[in-house]
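Worksheet: one structure, shown below.
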There are 2 protein chains.
Amino acid sequence: MPVNTVQTLRDEIENGIVTGDFKPGSRLDETQLANRYGVSRTPVREALMQLSASGFVEIRPRRGAIVVEIGPQRLYEMFEVMAELEGLAGALAARRCSEADREAIRIAHTQCAKSAANGETDAYYYDNEVFHRAIYKASHSQFLAEQCLALHRRLRPFRRLQLRVRNRLPSSYAEHDGIVQAIFDGDADRTSSLLRSHIVVQGDRFSDLIATLKLHTETPPQEKRIS
Amino acid sequence: MPVNTVQTLRDEIENGIVTGDFKPGSRLDETQLANRYGVSRTPVREALMQLSASGFVEIRPRRGAIVVEIGPQRLYEMFEVMAELEGLAGALAARRCSEADREAIRIAHTQCAKSAANGETDAYYYDNEVFHRAIYKASHSQFLAEQCLALHRRLRPFRRLQLRVRNRLPSSYAEHDGIVQAIFDGDADRTSSLLRSHIVVQGDRFSDLIATLKLHTETPPQEKRIS
DNA sequence: GTCAACATTCTTGTATGCAAGAAGTCGGCT
DNA sequence: AGCCGACTTCTTGCATACAAGAATGTTGAC
């Protein structure tokens with residue numbers, strides 16, 4: 001819980017976006033938000049800019065901030081990158097992890113086992129995060145961990161949905177098991193491969209299909225500013 | 001050339017950081033910057049926040065912004081991630097690139113050839129960027145392209161240094177040649193592999209060495225906020 | 001002489017006010 | 001009657017003012 005107004009606002013608005021309180025495509029009026037949270041427009045503006053940097057909203061000059069809509073195409077691209085980064089983290093973890101890292105992974109894995117066995121989706125969702133963070137940490141790459149966490153955060157709502165809707169708990173846990181084995185065996189390639197397919201559930205075919213599909217239809221739904 | 005004050009300020013300060021005008025570790029006083037650029041403190045603050053999001057500065061609550069110092073450890077981590085992302089972009093490009101993409105890559109490659117032959121480091125530096133961007137585009141992953149560009153931007157000063165100091169022009173161009181071949185052959189794995197080693201010049205050994213070295217020495221120089 | 005506590009000053013964080021640009025509306029012209 | 005243009009209004013963007021917290025310097029006591 002940050003004592004800073006801006007941080008609080010940022011989390012609040014982000015939460016609103018994630019929970020669907022602020023619908024994609026809707027305008028976020030600075031004055032309205034300022035009134036809503038009982039603060040001035042200045043911290044609201046700063047919070048919106050931070051959210052813009054995180055990719056949650058898009059700020060068009062003189063035209064206000066709108067909640068970005070993540071289409072299926074873009075969503076797949078994000079999962080694709082996530083898979084690659086997680087794969088790298090796993091590969092590095094397999095090569096570099098210390099005994100303490102192994103222990104942390106083992107504990108997180110055991111927790112996942114419990115939640116999966118009881119079918120507690122919410123608990124598993126949390127434990128799953130802990131598990132993946134343990135792998136990030138074991139990669140001993142601070143920067144990579146940061147990147148992974150940022151993307152993870154951005155994909156959080158969709159990930160949650162994924163787990164809920166498709167009831168992937170058992171298969172997810174089974175995949176974790178293989179990943180843990182591969183890391184403990186020090187097999188970087190196998191770890192990377194398993195983690196990639198763990199994230200991107202569908203095969204490469206699907207990604208290619210959508211990519212070429214977009215190639216033909218064109219007219220990207222949102223022109224994202226590179227900044 | 002953005003008409004926005006904040007954007008201009010952001011670029012200006014970022015440039016100052018890149019060129020060493022603002023030294024790593026030094027404080028960036030809001031009032032000083034405001035006076036220096038003849039604007040108010042408000043846009044300066046917003047620019048600093050954007051730079052914080054990009055990882056150029058670190059803002060500590062109530063204690064101002066300081067230029068982040070990128071140590072060798074972190075630098076290597078960033079190159080490592082960059083290599084992985086470029087590898088992914090290349091792999092996707094090999095599978096998905098259209099005729100227009102191939103043409104763009106060919107043209108950029110030819111430009112690199114000219115600059116390399118003439119030994120024009122600055123020109124090659126620019127052409128190299130165009131070349132890599134062509135690959136990003138050919139990956140047909142907007143999100144991946146954005147990530148690559150952001151990291152590229154962050155690593156820009158170091159990359160330039162790398163090219164200058166080590167006189168890597170000929171070998172860099174030779175590597176490009178292999179990459180282009182692999183993409184045109186549609187060989188995703190080979191493209192990915194070549195691009196990875198193109199970015200991370202040193203082998204994996206070095207990364208492991210530094211990682212374990214950090215493991216022993218500990219005391220991370222800067223505690224980066226994940227945000 | 002040194003250390004600690006208090007006060008002062010300086011900087012950041014937030015609020016408000018003002019100006020400029022964009023969108024919606026109304027009126028005139030074709 | 002429809003379309004183009006000016007006007008009004010609303011919102012953003014920037015500046016300034018004020019408050020609160022941190023750093024530093026000074027003074028007093030041990």
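Keep in mind that the numbers below use all heavy atoms, side chains included, and drop hydrogens, waters and symmetry copies. Computed from a predicted model, the values in this text were never measured in an experiment.
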Expressed as a whole number of angstroms, how long is the span from [X]:[atom1] to [N]:[atom2]?
{"X": "A:Gln7", "N": "C:dG13", "atom1": "CD", "atom2": "P", "answer": "11 Å"}
{"X": "A:Asp29", "N": "C:dA23", "atom1": "CG", "atom2": "C1'", "answer": "14 Å"}
{"X": "B:Asn4", "N": "D:dA15", "atom1": "CG", "atom2": "P", "answer": "12 Å"}
{"X": "B:Leu28", "N": "C:dT11", "atom1": "CG", "atom2": "P", "answer": "13 Å"}
{"X": "B:Ile66", "N": "C:dT11", "atom1": "CD1", "atom2": "P", "answer": "17 Å"}
{"X": "B:Leu9", "N": "D:dG13", "atom1": "CG", "atom2": "P", "answer": "14 Å"}
{"X": "B:Leu48", "N": "C:dT12", "atom1": "CG", "atom2": "P", "answer": "9 Å"}

Could you tell me whether a side-chain N or O of B:Ser115 sits under 3.5 Å from a main-chain N or O of B:Cys112, the two making a donor and an acceptor?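 Checked: no pair found.
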Steps toward side-chain contact (heavy atoms from CB on, under 4.5 Å) verdict (B:Arg41, B:Thr31): CA-CA 6 Å; B:Arg41 266 183 52 227; B:Thr31 311; 3.7 Å; yes
Check ion pair [X]-[Y] (N to O, under 4.0 angstrom):
{"X": "A:Arg133", "Y": "A:Asp127", "answer": "no"}
{"X": "B:Arg156", "Y": "B:Glu129", "answer": "yes"}
{"X": "A:Asp11", "Y": "A:Arg153", "answer": "yes"}

For nucleotides 22-25 of chain D, tabulate all protein N/O to nucleotide N/O atom pairs closer than 3.5 Å, reporting atom names and distance.
unit_1, atom_1, unit_2, atom_2, d
D:dA23, OP1, B:Arg63, NE, 2.8
D:dA23, OP1, B:Arg63, NH2, 3.3

Is there a donor in the side chain of [X] and an acceptor in the side chain of [Y], or the other way round, less than 3.5 Å apart?
{"X": "A:Arg196", "Y": "A:Ser192", "result": "yes"}
{"X": "B:Ser172", "Y": "B:Tyr124", "result": "yes"}
{"X": "A:Gln73", "Y": "A:Glu77", "result": "yes"}

Please list, by residue number, the residues of residues 36-47 of chain A whose heavy atoms come closer than 4.0 Å to an atom of DNA chain D; answer none if no residue qualifies. A:Arg41, A:Arg45
Sub-3.5 Å pairs of nitrogen or oxygen atoms, protein against nucleotides 5-7 of chain C:
none

Of all the nucleotides listed (C:dT12, C:dT14, D:dC14), which has the minimum atom distance to the side chain of B:Glu30?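 For the B:Glu30 side chain, the nearest candidate turns out to be C:dT12.
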Residues A:Leu144 and A:Ser139: closest non-hydrogen pair is CD2-OG, 4.2 Å
Report the relative orientation of the aromatic rings in A:His198 and A:His176; use parallel for angles under 30°, tilted for 30 to 60°, perpendicular for over 60°.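 Geometry flag for A:His176 against A:His198: perpendicular rings.
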Side-chain heavy atoms of A:Ile183 within contact of A:Arg102, under 4.5 Å: no
